[in-house]
Amino acid sequence: MQVPSLSKLEVTALKGVGNKFAQTLARLDIQSVQDLLFHLPQRYVDRTRIRSIASLRLNDVAMLQASVLDARIVFGRRRSLQVKVEDDSGVMSLRFFHFNAAQKNSFEQGRVLRLFGEVRPGPAGPEMYHPEYEFFDTPENAQETEARLTPIYPLTEGVSQPRMRALTQQAIEFLAQSPPEELLPDMDNHRFRVHSLAEALAYVHFPPADADIQQLLAGQHPYQQRLAFEELLAHFLVKQFIRAENRRFDAPTVTLNRNAIQPLLDQLPFSPTAAQERVTAEVARDLNASKPMLRMVQGDVGSGKTLVAAMAAYATVQAGYQVAVVAPTEILAEQHLQNFRRWFEPLGLKVEWLVGRLTAKQKREVLERLHQRETDIVIGTHALFEEPVRFRCLALAVIDEQHRFGVHQRLSLRGKNDDDSVPHQLVMTATPIPRTLAMTSYAELDFSIIDELPPGRKPVQTVVISQDRKVAVIERVRAAIAEGRQVYWVCPLIEESETLSAANAEDTFETLSTALPETGVALVHGRLKAQEKEERMAAFKQGEARLLVATTVIEVGVDVPNASVMIIENPERLGLAQLHQLRGRVGRGSEESHCILLYGDKLSREGKARLQILRETNDGFQIAERDLEMRGPGEFLGTRQAGDMLYRIADHQRDAHLFSAVQECGLRLLDAHPEAAQKLVDRWFGRRQHYALA
Ligand code: ADP
Ligand code: MG
């Protein structure tokens, strides 16, 4: 049979795929047989052999054959059915939270089961929660063992794992006749000791029974690394395409120099730091060119990023254009609104805001004034990205705390002007981006760093102490509040957890409300509705609540200068960079500020040493570097980037060692084989490309 290129072969060519199922697969971005081959397993399970109970370790996913010893209902925090089973090597407990009487009765003593599940920590030793099981009364009845490791795929509703496996199996059969094109230069293929892409794909979908499953689960197999390299390369290339694309547009030219912004400087109660001046000069060079700026300004919390944005904004308005400032939450937008009004209204500029909470009529009016150019500067949330927003002449978009927004959202600001001009973009973040990440995930941007804090800051005094001393800490909170201060109390979890022992915000809120009856206490966490969250934050900001119990949702940008104490429970569960961000919520006023890290009782010596880094320094960049050394970039960033960091097989932390080779290979391809670069992007992004690019 003559097989066309697999990228041209529709999935409907496979047995059992009709038009309807093809539509379901399209939701996974699978349209061609090639798409199916690049839809890679997330992990594997081993159904090739029956393990002995004694050989199991925590988190193993394994098949067992064992006989029932005993089944009983246990009344713990939640009622559950506990079944004890044994094989020749030992005893193991199964736990079911959902069960009925018939099911309980079926576990008769001595009956033989074949089981499949994950080993997890239980109250009295390892357990399997809700394993798959089948009685093995007659051998025909039992689940068969498999000849190869079983891949587990990302799915969507209407596709099951067995069905996906069957499809992939068919797709693999095409590989020999129509292998996917090798797009990496030879030397890069050899780096991974891989003969061909076809071989790597076949292996990664269905590894043989004797494959090293631990290596595969860790993503360290050379075939996986070969594919991860190619995927990272495709992401790097997309960013380079965004850069190239950006240079095709024209942007308004704005002159930013001391002359242009003198009236603003005269107004300020302070003068810019040397670092603010230097970064502003870098921004000025971009604004003065006729191509759109794409620049990220990194600066520690409190380094004064807003002023840099304000200087750029002022010059832009003086040049006759409009400015938009986008913040991730209404609270932050409101903060910017206050600052910008205070600085700009005396100079005759018109500053407005556009957020979800405005009425429809108010919004219409704001939109109208924007389009008529009656408004110089508009501050808002993601509402500014939306369709009805039009400008007469937007020349500068400032995006604060960019990691809350995706590339496609930012780029949607293009095409909002009446003419064809595209605004300059200034992206600001307090999360230092490690150099390795900057080279790939943010390769479309230029970088500036504000590496100096304004003078006269009192560093936050940090102590690291055990949760055993919580009672004393509560007394300290009482004293601070009695002196008129406000306090943050941060917990890693929202509610009590079955598997994790860590402070949770709901219980802590109860405890503190009871212990401090004279104090207004507020609770915020990520599961509240946005409006509820905003209201409670606002109550704290206005001083109605004196103590704010929160999860890490308060991390970004909230500015309450009167808050001078921050308590963080179980800090060992958070990254240092994240802790530093949290700590940056205090130390904003004239008072001496304190941060108390209340670690749990199981913290190791190294764990304590790690937290001591925060005691030793208030320098976010130094902390980020040390954190990165210890944990790698994936965890370091904590959150996934909205939309544009969804990898199929690569992993930022695990594969950081590939970044410089990716960058080098990417630049080589763009230079010598641009058509291969485009094909790589097509292969890995397919239809998502539009999303990534526009
Ligand atoms: P961030 O970089 O965290 O966004 P902000 O822009 O909110 O920091 O600035 C933090 C505080 O420092 C604000 O109150 C701001 O007015 C003040 N500030 C900014 N620049 C200077 C400066 N050069 N000298 C003194 N204070 C400054
Ligand atoms: Mg800020």
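Counting starts at 1 for both ligands and their atoms, in listed order.
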Study note, to complete from the structure: of all protein heavy atoms, closest to atom 9 (O) of ligand 1 is Gly304 CA, 3.6 Å
Review point. Looking only at N/O atoms, are Gln276 and ligand 1 under 3.5 Å apart anywhere?
Key: yes
Check your understanding: Going by the atom numbers of ligand 1, which of them fall below 4.0 Å from some non-hydrogen atom of Thr273?
Key -> 23 (N)
Review point. Hey, is Lys361 close enough to Glu365 for a salt bridge, meaning N to O under 4.0 Å?
Key: yes
Check your understanding: At a non-hydrogen distance cut-off of under 4.0 Å, which region of Pro272 contacts ligand 1 (side chain, backbone, both, or neither)?
Key -> backbone
Practice item. Show your working on side chain to side chain contact (heavy atoms under 4.5 Å, CB included) between Val487 and Arg546 and close with a plain yes or no. Key: CA-CA 6 Å; Val487 178; Arg546 313 300 296 178; over 6 Å; no
Exercise for review: Would you check, one step at a time, whether the test side chain to side chain contact (heavy atoms under 4.5 Å, CB included) holds for Arg390 with Asp418?
Suggested key: CA-CA 8 Å; Arg390 305 281 311 166; Asp418 282 349; 3.8 Å; yes
**Study point:** Between Arg392 and Asn417: side-chain donor-acceptor atoms closer than 3.5 Å
**Key:** no
Practice item. Answer yes or no: is there a side-chain heavy-atom contact under 4.5 Å between Arg414 and Asn246? Key: yes
Point to revise | Pairs meeting criterion salt bridge (charged side-chain N to carboxylate O under 4.0 Å, His left out) with involvement of residues 303-327, two or more places apart | key: none
Point to revise | Protein contact to atom 7 (O) of ligand 1 [nearest heavy atom, distance to 0.1 Å] | key: Thr306 OG1, 3.6 Å
Check your understanding: Does ligand 1 have a heavy atom under 4.0 Å from the side chain of Ser271, from its backbone, from both, or from neither?
Key -> backbone
Practice item. Among all protein heavy atoms, pick out the one at the shortest distance from atom 3 (O) of ligand 1; state its residue, atom name and that distance to 0.1 Å. Key: Gly302 N, 2.6 Å
Check your understanding: Looking only at heavy atoms, what is the nearest atom pair of Lys291 and His424, with distance?
Key -> O-CE1, 3.4 Å
Review point. For atom 13 (C) of ligand 1, is the nearest protein heavy atom under 4.0 Å away?
Key: no
Practice item. Starting from atom 17 (C) of ligand 1, locate the nearest protein heavy atom and write down its residue, its atom name and how far away it is, to 0.1 Å. Key: Arg457 NH2, 3.8 Å
Study note, to complete from the structure: atom 2 (O) of ligand 1 has as its nearest protein heavy atom Lys305 NZ, 2.8 Å
Check your understanding: Going by heavy atoms in the side chains, are Arg357 and Gln531 under 4.5 Å from each other?
Key -> no
Practice item. Go through the structure and list residues passing side chain to side chain donor-acceptor pair (under 3.5 Å) with Arg615, not counting sequence neighbours. Key: Gln612
Revision key, fill the gap. The atoms of ligand 1 lying under 4.0 Å from a heavy atom of Ser303, numbered in the order shown, are 2 (O), 8 (O)
Review point. Protein heavy-atom contact under 4.0 Å for atom 24 (N) of ligand 1?
Key: yes
Point to revise | Ala430 near ligand 1 by a heavy-atom separation under 4.0 Å | key: no
Exercise for review: Considering only non-hydrogen protein atoms, determine which one is nearest to atom 21 (C) of ligand 1 and report residue, atom name and distance to 0.1 Å.
Suggested key: Phe270 CE1, 3.4 Å
Review point. Between Leu268 and Leu307, does a side chain to side chain contact (heavy atoms under 4.5 Å, CB included) hold up when you go through it step by step?
Key: CA-CA 10 Å; Leu268 293 174; Leu307 179 61; 3.5 Å; yes
Review point. Has Gly299 got any heavy atom lying under 4.0 angstrom from an atom of ligand 1?
Key: no
Point to revise | Asp300 heavy atom under 4.0 Å from ligand 1 | key: yes
